[in-house]
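Letters A, B, ... mirror the listed sequences (proteins, then strands); counts begin at 1.
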Number of protein chains: 2
Amino acid sequence: MAQINQRENNRAAELLDAAAVLFAEQGYARTTIREVSSAAGMGPGSAYYHFSSKADMLLAVYEQGVRNVTGEVIRRLDGVEAPWDRLAAALEGHIAAVLAPTAYARVIVTVLPGDVPDVADDLRRQRDAYELVWKGLIGELGTAVDGDLLRLFLLGAANSTQIWFHPGTQTPTEIAGAFVEFLRQPLGQS
Amino acid sequence: MAQINQRENNRAAELLDAAAVLFAEQGYARTTIREVSSAAGMGPGSAYYHFSSKADMLLAVYEQGVRNVTGEVIRRLDGVEAPWDRLAAALEGHIAAVLAPTAYARVIVTVLPGDVPDVADDLRRQRDAYELVWKGLIGELGTAVDGDLLRLFLLGAANSTQIWFHPGTQTPTEIAGAFVEFLRQPLGQS
DNA sequence: GTCTATAAGGCGATAGAC
DNA sequence: GTCTATCGCCTTATAGAC
């Protein structure tokens, strides 16, 4: 789904790469099909051979973004057993995926379902599928606190890194480690 | 600044109220001057008597939003002395301002400076001024952790409430209380 | 101060040549 | 598969009547 044409030797991939970067940097509304096509080295109308509409293009980017961030997270969970270590590893994967300059996952944070009413339900379904991974991770912790609230708290903070992060200061790993420590150790009682 | 005409008995206020709601719900790009004017009971062109441009209207909403959220926070700090109690009170004010259905402060979260390049610097300056309050509150805690990271962590999570909050489940006060407890008490070591 | 009408430009999407 | 040209629509913003 999303793509209308999947034959080989076409340049749908270049279009998607360009769209991912532009959607992430400018948002959906301010990005034009003309920009995406031009960034992929094509004429203004050619994108419509590969995608039936602008929303369809976003859908394809979103699907790839969810695949990427899920992959990053799962990959880092391999062999890690202690629940808090697993949480830290997953958060590292999430933040890395969400900050990588060329990554599709950035779009999941930048473009919210409400921004594109036409396909809002589809986008929401993709986000929900990914959040299941996090429901599991939080559940493993066995804390007494509200797990849903803790998950939303942590992912909200993690996604906000995209707004203020500047390469060269901290690394995604350092940020993820600090965030988990904020939760794990008591910061004070006064 | 921002408004071009401040004489009394005009209806700039109605326009701003309508703009705040629409910008918060639809974002800047998808909201049209026609919608705002119509929501304020005016014809399509009449908004330009009060504001010189769409960006100028956003600027005025932003200014009011920063005033509102700052006011909510300061008001709740009155008489509270213990640093962690002050943090909890401030967070309650922030989240309440950011979730109130008709509040200007919602726009500060919904519309990011990068969304409107024309006035991005101005918007950023207003956000930075507000963050100074939080730098102070975090500093009062006297924790050993990175204060900037803790502030961004907490405000990132607080702002994300606007994405998932549904009235009727939790109250802003409950959410703020839970968030502060996540930081204050250790959640586990396993 | 608000109205209606319209100018000027950009957008998504399509058509048909190659 | 990609090109160029263009349709039709919607936008911000302006002009001039009232």
Exercise. Identify, between A/Gly45 and B/Gly43, the residue whose nearest nucleotide on DNA chain C lies closer to the 5' end.
Key: B/Gly43
At less than 4.0 Å, is any side-chain N or O atom of [X] found next to OP1 or OP2 of [N]? Yes or no.
X       : N      : value
B/Tyr48 : D/dA13 : yes
B/Arg11 : C/dG1  : no
A/Ser46 : D/dC3  : yes

Quiz item: What nucleic acid atoms does A/Thr31 come within less than 4.0 Å of, heavy atoms only: base, sugar-phosphate, or nothing?
Solution: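 Sugar-phosphate: the residue A/Thr31, judged by heavy atoms under 4.0 Å, touches backbone atoms but no base.
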Quiz item: Is the count of non-hydrogen atoms from other residues, nucleotides or ligands lying under 6.0 Å from A/Asp78 atom CG greater than 12?
Solution: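 No, the 6.0 Å shell around CG holds no more than 12 heavy atoms from other groups.
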Would you mind reading off the distance between [X] atom [atom1] and [N] atom [atom2], rounded to a whole angstrom?
X       : N      : atom1 : atom2 : result
B/Tyr49 : D/dA17 : OH    : P     : 18 Å
B/Asp56 : D/dT14 : CG    : P     : 12 Å
B/Leu15 : C/dC3  : CG    : P     : 10 Å
B/Met57 : D/dT11 : CE    : P     : 14 Å

Quiz item: When only distance counts, do a donor and an acceptor, one from the side chain of A/Arg34 and one from the base of C/dG12, lie under 3.5 Å apart?
Solution: yes
Quiz prompt | From CZ (B/Phe153) to OG1 (A/Thr161), nearest 0.5 Å | solution = 11.5 Å
Exercise. For the residue pair A/Leu77 and A/Leu137, establish whether any side-chain heavy-atom pair is separated by less than 4.5 Å.
Key: yes
